[in-house]
Amino acid sequence: MESGAATLMLILVWVALPIPVILMRPPAGANRFGEVGRPMDFVQAVGAFLSNYFDFSGRASRSEFWWAILFMFIVNTVTSFIPLLQAVWTLGTFFPSIALAARRLHDINRSGWFQLLSFFFPIGTIALIVWYCTAPRDAAAG
């Protein structure tokens with residue numbers, strides 16, 4: 001019975017721990033990460049994704065982020081039939097994916113370090129998905 005109580009306590013801590021971080025508001029005022037990311041079509045977004053390989057600074061628009069995610073999903077689906085190619089693709093896009101997500105979080109005036117919330121599944125992952133869908137945050141936008 002005590003192991004059940006310990007497990008329940010661990011689950012409650014796991015779920016409750018990220019909530020204060022998620023509820024923190026981004027800093028007020030102008031976005032501290034630079035100019036607004038420009039809207040992109042599929043080809044521009046894929047080009048930006050591949051050319052900003054280790055670029056963790058700046059901002060990524062929603063269209064740039066989601067078109068790049070679609071591109072990665074398509075390539076992952078195609079390469080899933082060839083395990084070695086899948087492994088090479090996954091390793092090759094690991095850092096660009098983290099950089100893209102950091103730039104997307106910058107667009108809503110949050111640090112890229114908030115990606116670590118994804119380790120607190122499902123609460124942190126849901127918060128990140130909501131933030132990835134959020135409109136850019138600037139002083140003019142409120």
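As the structure is a computational prediction, the values presented were derived from the model and not from experiment.
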[atom1]-[atom2] distance between [X] and [Y], expressed to the nearest 0.5 angstrom:
X	Y	atom1	atom2	result
Leu117	Ile19	CG	CD1	11.0 Å
Leu105	Phe33	CG	CZ	9.0 Å
Ser97	Ile69	OG	CD1	6.5 Å

Taking side chain to side chain contact (heavy atoms under 4.5 Å, CB included) as the test, write out the residues that go with Arg32, two or more places apart.
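Checked Arg32 against side chain to side chain contact (heavy atoms under 4.5 Å, CB included); matches are Pro27, Asn109, Ser111.
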Which pair of non-hydrogen atoms, one from [X] and one from [Y], has the smallest distance, and what is that distance?
X	Y	result
Trp131	Ile22	CZ2-O, 3.5 Å
Arg110	Pro26	NH2-CD, 3.3 Å
Phe121	Thr125	CD1-OG1, 3.4 Å

Hydrophobic clusters here meaning ILVMFWY residues chained together by side-chain heavy-atom distances under 4.5 Å, can you tell me if [X] and [Y] are in one?
X	Y	answer
Met72	Phe42	yes
Leu100	Leu50	yes
Val75	Leu85	no

Look at the aromatic rings of Phe49 and Phe71 and report parallel, tilted or perpendicular, splitting at 30° and 60°.
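Judged by the thresholds at 30° and 60°, the geometry between Phe49 and Phe71 is perpendicular.
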Below 30° counts as parallel, above 60° as perpendicular, anything between as tilted: where do the rings of Trp66 and Tyr132 land?
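Perpendicular: the ring planes of Trp66 and Tyr132 meet at over 60°.
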Under 4.0 Å between a side-chain nitrogen and a carboxylate oxygen: does that hold for Glu64 and Arg103?
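Yes.
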Check the pair Trp89 / Asn76 against side-chain hydrogen bond (donor to acceptor under 3.5 Å, both in side chains), numbers first and verdict last.
CA-CA 8 Å; Trp89 170 256; Asn76 279 332; 3.0 Å; yes
Take a 6.0 Å sphere around CZ of Phe54 and say whether it holds more than 12 heavy atoms from other residues, nucleotides or ligands.
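Yes, the 6.0 Å shell around CZ holds more than 12 heavy atoms from other groups.
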